[in-house]
Participant: 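Below is the structure I would like to discuss, written out as structure tokens.
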Amino acid sequence: MSANIDDEGSDLPASISSAYNRVWEEIYHAKSDKSIGERQFVPKITFDKVTQKEIIMEVVREDASLDSLSLSTGDKDAFAEKIFRQGRKLFATCVYSGLSMKCLRIILNKYSDESLPLQDKDLPKDFEFTDKKQYKIAFLPNQSLFLVVTLELGKSENFTPNEVIPIDRGETLCGKGAFGSVYPIEIHPDQHKFHPVKNKFAMKIFSDRAVVGNATSSASFQREQNIGSAGLVHEHLVKMLMSFTYRGDYYMIFDLAEHNLLDHIEYQTPPLYSNPKERLWFTTQVTGLAEALEVIHVPGKARYGHLDPQAAADLQVADSSAYHHDIKHDNILCFEGVDNHIVLRLSDFGCGKIAKLLLNSTGKKQSHRTPTKGGLTFEAPEAFSGPTSRPYDVWSLACVFLEFFVWFVEGCKAVRAFQDSRDSRVSEDRPTVDDRFYYFKEGKKYLKEVVEEKIESLRASVKDDKILSDLLDVIAKLFVIEPADRPNATQLVRDLKPLKIRAESEPSPSAVSNALSNCRGQPTRALHSTGIPIPHLVTKSSTSSLVADTSTSGSSASSPISDIAKSFAIADHKESYSSSYDGDDYVLEVKIVGAEN
């Protein structure tokens, strides 16, 4: 043996071949320790490169240790073929550990890659003394270099302690809960099948040692894993990419968010709510979150939505039902969207549960009930009465929606003021002070007066905006104390979808501006060819003014026309405008000084 020793203490054979040396060098320079526990591994791209059939055959043919066995060229090629089919990992481990192909041949007579990792007791008796030493000090520890796993989308794995998990975890917390913490991670591009380009994700870790009350982190992990693997798919629902257990802890991998809604409404200045484009974004996010909750509450909606209602209903009876029970700003994540907008997605099912729908004596579906609940701020009134069910989520979502609405219309400071104003004792006989949305009085539960006052002040703020006014009404209707009387997620979606459609049909200010500017000096009928939904536009040539009558007849559009008026200007002319709303039509009158048409 030579004295050529690598950092693992791997002596290289004295009769080393050039092909053998190239394989060793490739492995040495490709090693990475970006894994859980900083254990070293060789990326798949390098492993595949050094264990190609042609490479293996070249190493075998050049290895002088096989000469003592009097193998023919055909025998060596058959041996190389066996290595390629059964022992690529053993081959790479032997090369990097300084063991000859003769040693590998002895190992392959009894073991294969499926046998890894080998133990000290598996030491082949036919090894020479120096090979036995190399087996113990180099081969055994080097096996793990090639036991790195590939993370696959949608899988749920129980990895063994011998396997290497190629995840480099950041130190900065993305979030922390009772049972788990979320960290940013980076996965080697060769070792995952989540995304063709992205390698940065988020990982939630549930410590096996965490216990809160009678609940454990393993139970919380199982609940969240069940929901994540239940086929619940929606644009506004965070998707679990995969889950796994490893060395006593529990892990889940998700797409990496920009931040959460709590941070967003705390630090981000809201867009101009009177802008139709921003109003559409806001309405889309609220509707999307409601749809996501509906998918959780009625999973069959996602699976059987293409069927006729009766067939879908029949299938859903045998399907699963779920609830979240920890809906709050922290658990609504913000992801990068288009046009500098964020997309909100509901996450964190640690308090949630998948439960088979129960059939009561009348054959009607009955929601499973659970005593497991999340935080206090958005806690539903029924939490004080014992077990809760899916209406609990609707109340929590209503609380989130109302604060989100406050931010959108009034800004960050208004949200903080609203939160502070709710700080009060939950009941006369309880000293606890918190910011829940309800309180007790004489044994009954009521919505806090500051919440009712905030709703009324918002109504005054958006009274001229039909879409936001109607949206606020939908949110307000969710604050029903009795859970049985509270609208469910499906009813909520049914109320919100028309508002989203109306918002989608609104022309943007820039579109109207361009249409009017392009038609300056043209006959009135030219304005009808712009594609802008303005059913009537009349030119008053005597006063050099334009009157746009945006009747909503046959259309669900309703936009404050003054926003449109303020957004456009016609080159080389001065213009003034006035607007009015008669309950059915928005009317914009623009007076252009110096214009002849």
Side-chain angles (χ1 to χ4, degrees), residues 286 289-298 301 316 321-328 346 351-353 355 357-406 418 421-422 424-430 432-456 458-459 470-496:
V286 170
L289 289 174
E291 290 175 341
L293 183 60
E294 183 187 27
V295 168
I296 294 173
H297 283 186
V298 190
K301 275 284 191 180
Q316 287 169 25
S321 165
Y323 45 79
H324 191 287
H325 275 24
D326 197 18
I327 294 176
K328 54 186 179 182
L346 187 58
C351 287
K353 185 178 178 69
L357 287 174
L358 306 175
L359 293 176
N360 61 22
S361 58
T362 63
K364 294 181 180 179
K365 292 180 290 184
Q366 182 176 343
S367 172
H368 185 85
R369 291 177 170 269
T370 174
T372 308
K373 297 173 283 292
L376 293 177
T377 299
F378 302 144
E379 180 187 77
E382 58 268 27
F384 265 95
S385 306
T388 57
S389 59
R390 286 177 288 181
Y392 184 105
D393 287 342
V394 175
W395 177 278
S396 299
L397 191 61
C399 299
V400 169
F401 280 170
L402 185 56
E403 289 199 356
F404 189 33
F405 199 103
V406 172
F418 178 46
S421 71
R422 296 198 310 271
S424 60
R425 292 172 61 175
V426 70
S427 68
E428 296 173 345
D429 58 344
R430 293 175 183 266
T432 306
V433 173
D434 58 50
D435 62 348
R436 271 177 277 209
F437 282 63
Y438 69 94
Y439 70 102
F440 282 92
K441 186 176 182 179
E442 297 178 355
K444 292 185 178 181
K445 304 163 195 170
Y446 302 90
L447 189 65
K448 285 184 176 178
E449 292 180 2
V450 292
V451 177
E452 295 178 337
E453 290 169 358
K454 174 53 69 176
I455 292 174
E456 291 307 313
L458 288 171
R459 279 201 176 102
D470 291 348
L471 178 56
L472 182 59
D473 287 342
V474 172
I475 295 173
K477 290 176 183 176
L478 302 177
F479 288 107
V480 178
I481 297 297
E482 291 300 324
D485 298 330
R486 197 175 301 147
N488 58 36
T490 299
Q491 293 169 323
L492 175 59
V493 171
R494 191 181 301 130
D495 289 340
L496 288 173

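No experiment lies behind these values; they were computed from the predicted model shown.
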Participant: Would you say the side-chain atoms of His297 and Asp393 include a donor-acceptor pair closer than 3.5 Å?
Facilitator: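 Indeed, the side chains of His297 and Asp393 share at least one donor-acceptor pair under 3.5 Å.
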Participant: May I ask you to check whether Lys328 and Thr377 show a side-chain donor-acceptor distance below 3.5 Å?
Facilitator: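 No pair is found: no donor N or O on one side chain lies under 3.5 Å from an acceptor on the other.
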Participant: Do the non-hydrogen side-chain atoms of Ile475 and Ile455 ever get within less than 4.5 Å of each other?
Facilitator: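 The answer is no; the side chains never approach within 4.5 Å.
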Participant: Of all heavy-atom pairs between Ile481 and Tyr446, which one has the smallest distance, and what is that distance?
Facilitator: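 For Ile481 and Tyr446, the tightest heavy-atom pair comes out as CD1-C, 3.9 Å.
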Participant: In Å and rounded to the nearest 0.5 Å, what is the CG to CZ distance from Asp435 to Phe378?
Facilitator: 7.5 Å
Participant: Looking at every heavy atom in both Glu294 and Thr490, which two are closest together, and how far apart are they?
Facilitator: OE2-OG1, 3.0 Å
Participant: How many angstroms lie between NZ in Lys448 and OH in Tyr438, if you round to the nearest 0.5 Å?
Facilitator: 9.0 Å
Participant: Tell me whether the count of non-hydrogen atoms from other residues, nucleotides or ligands lying under 6.0 Å of CD in Glu452 goes above 12.
Facilitator: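 Correct, the count exceeds 12.
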Participant: Kindly indicate whether the side chain of Leu289, heavy atoms from C-beta on, has any atom under 4.5 Å from the side chain of Ile327.
Facilitator: no
Participant: Supply the atom-to-atom distance Asp495 CG to Asp473 CG, rounded to the nearest 0.5 angstrom.
Facilitator: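 Answer for the CG-CG pair, Asp495 versus Asp473, is 10.5 Å.
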Participant: For the CG atom of Asn488 and the CG atom of Leu478, what is their distance to the nearest 0.5 Å?
Facilitator: 10.5 Å
Participant: Measuring only between side-chain heavy atoms, which start at C-beta, is Val474 closer than 4.5 Å to Phe401?
Facilitator: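 They are not in side-chain contact.
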Participant: Supply the atom-to-atom distance Arg422 CZ to Glu403 CD, rounded to the nearest 0.5 angstrom.
Facilitator: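 Separation between the atoms: 4.5 Å.
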Participant: Once side chain to side chain donor-acceptor pair (under 3.5 Å) is applied, do any residues pair with Arg494, and if so which ones, sequence neighbours excluded?
Facilitator: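 Arg494: no side chain to side chain donor-acceptor pair (under 3.5 Å) contacts found.
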Participant: Is there side-chain contact between Glu382 and Arg486, with at least one heavy-atom pair below 4.5 Å?
Facilitator: yes
Participant: Heavy-atom distance under 4.5 Å between the side chains of Phe437 and Pro381, does that happen here?
Facilitator: no
Participant: Strictly distance-based, threshold 3.5 Å: is any side-chain N or O of Glu456 a donor or acceptor partner for the main-chain N or O of Glu453?
Facilitator: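 No; judged by distance alone, with no hydrogens or angles, the pair does not exist.
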Participant: Is the shortest heavy-atom distance from the side chain of Val480 to the side chain of Leu447 under 4.5 Å?
Facilitator: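 Of all side-chain heavy-atom pairs linking Leu447 with Val480, none is under 4.5 Å.
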Participant: For the residue pair Phe418 and Val451, establish whether any side-chain heavy-atom pair is separated by less than 4.5 Å.
Facilitator: yes
Participant: Which heavy atom of Ala489 sits nearest a heavy atom of Val394, and at what distance?
Facilitator: N-CG2, 4.0 Å
Participant: Of all residues at least two apart in sequence or in a different chain, which pass the side chain to side chain donor-acceptor pair (under 3.5 Å) check with Arg436?
Facilitator: Glu379, Asp434
Participant: Is the shortest side-chain heavy-atom distance between Leu346 and Ile296 below 4.5 Å?
Facilitator: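 With C-beta onward as the side chain, the pair touches.
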Participant: How would you list, by chain and number, every residue that makes a side chain to side chain donor-acceptor pair (under 3.5 Å) with Ser421, sequence neighbours excluded?
Facilitator: none
